[in-house]
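Because only heavy atoms are used, hydrogens play no part in the values below, and waters and symmetry mates are left out as well, while side chains stay in. Note that the structure is a prediction, hence the values are computed from the model and not measured.
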Amino acid sequence: MVIYYLIRIIKMGGVFAFYRRHLFPLFLTSSIWCVIYYFYGLFFYHNSFSIWRLLSELLLLSQYEGSQFWYIPVILGIYLFIPYVAEALQSINTREIFLLESISFFYLLLVPMANIVLQIKKPALNIGSLVDLSFSGGVYGIYLITGYIARKYSYIFRSIKRHIWIIVGGFSFFLLVIFQKWTYEAGAENNLQYNVWYNNALLFIVSFSIFQFFLMKRYKRNINCILWMSQASFGIFLVHNLFIHFFLSWLPITNELLKTFSIFALTLSMSIIFMLLIEMNENVAKIITYK
């Protein structure tokens with residue numbers, strides 16, 4: 001869906017205008033948080049200071065200090081090529097785009113999932129995709145292109161009743177939980193640890209079902225909270241690690257399950273409060289949280 005709207009943005013100002021309005025501000029925001037987490041590591045984890053390490057992180061030559069910050073270079077890379085992908089999508093017809101989606105779904109989602117099953121059931125038999133789709137953004141790219149398909153061909157998907165999306169999404173989520181539980185139990189026997197990732201076909205179906213559910217026209221009203229959360233999600237992603245580290249160190253709860261849910265609730269709450277406070281100044285919010 002992002003690409004669908006970016007096509008109109010790019011048409012209005014061109015590729016460089018898109019970079020100036022979106023890519024460069026995103027890079028600035030990412031660089032600010034790179035510095036924040038770097039010095040956070042110095043003070044709270046007693047890391048040694050190295051100007052070369054800091055520069056290499058700012059230049060995207062080394063991984064950022066913050067956990068889960070591997071995603072920042074992925075986002076920047078996607079934004080770098082989105083204008084060209086958007087232009088290419090306009091030149092292909094319906095049959096071609098669904099063929100592209102089908103091939104990508106098979107090699108990026110079904111093959112990795114099947115490989116996990118084979119590693120547990122037949123450890124000697126290991127398969128992997130030899131088709132290199134990294135130039136298209138890989139598994140992250142298929143989510144973007146699928147969003148574009150959902151919006152452009154919404155007239156097709158709207159013919160499907162909303163309860164069907166609930167059933168498909170709910171059943172897929174149920175299978176996903178069963179699959180994850182099975183891999184934990186069966187995988188332990190073969191020293192295989194698998195955590196659900198973006199390349200899981202069931203997770204993809206769940207995500208698409210939820211996306212379609214909220215795209216339906218009748219659900220476009222009275223969702224200001226969801227709209228705000230979607231706009232603030234990147235800022236929450238940027239700041240949440242600071243709160244996680246704090247609560248992990250200082251929360252006096254010994255029960256692991258209770259501590260996990262407590263940290264989740266407290267981290268989300270504090271991140272939302274942070275976003276509400278930072279939004280009091282719109283210009284600061286744009287720089288700090290790219291909102």
Worksheet item: Which value, rounded to the nearest 0.5 Å, describes the distance between His240 atom NE2 and Ser233 atom OG?
Response: 12.0 Å

Restricting to non-hydrogen atoms, name the atom on [X] and the atom on [Y] that form the minimum distance, rounded to 0.1 Å.
X      : Y      : value
Phe211 : Gly147 : CE2-CA, 3.9 Å
His22  : Tyr290 : O-OH, 3.2 Å
Arg162 : Phe213 : O-CD1, 4.3 Å
Ser262 : Ile253 : OG-CD1, 3.6 Å
Thr289 : Phe234 : O-CD2, 3.7 Å
Tyr153 : Asn93  : OH-C, 4.3 Å

[Y] backbone acceptor or donor facing [X] side chain under 3.5 Å:
X      : Y      : answer
Thr267 : Phe264 : no
Trp33  : Ile288 : yes
Ser154 : Arg151 : yes
Ser159 : Ile156 : yes

Discussion item. Suppose we call two aromatic rings close when their centres sit under 6.0 Å apart. Are Phe208 and Phe157 close by that rule?
Written reply: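 Ring centroids of Phe208 and Phe157 are less than 6.0 Å from each other.
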
Fill in: Output field: ring centroids Tyr19/Tyr79 closer than 6.0 Å
no

Worksheet item: Taking Asn199 as the fixed residue, which of Ile142, Leu108, Val139, Ile116 is the one that meets the side-chain contact (heavy atoms from CB on, under 4.5 Å) rule?
Response: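 Of all the options given, the one that passes is Val139.
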
Discussion item. Ile78 vs Tyr140, test: side-chain contact (heavy atoms from CB on, under 4.5 Å). Steps then yes/no.
Written reply: CA-CA 8 Å; Ile78 289 175; Tyr140 313 108; 3.9 Å; yes

Item to complete: With side-chain contact (heavy atoms from CB on, under 4.5 Å) as the test, would you mind laying out the steps for Phe173 and Leu202 before giving the verdict?
Response: CA-CA 7 Å; Phe173 181 74; Leu202 292 171; over 6 Å; no

Item to complete: Please assess Glu57 against Leu61 for the test side-chain contact (heavy atoms from CB on, under 4.5 Å), listing each intermediate value before the final yes or no.
Response: CA-CA 6 Å; Glu57 290 183 17; Leu61 300 175; over 6 Å; no

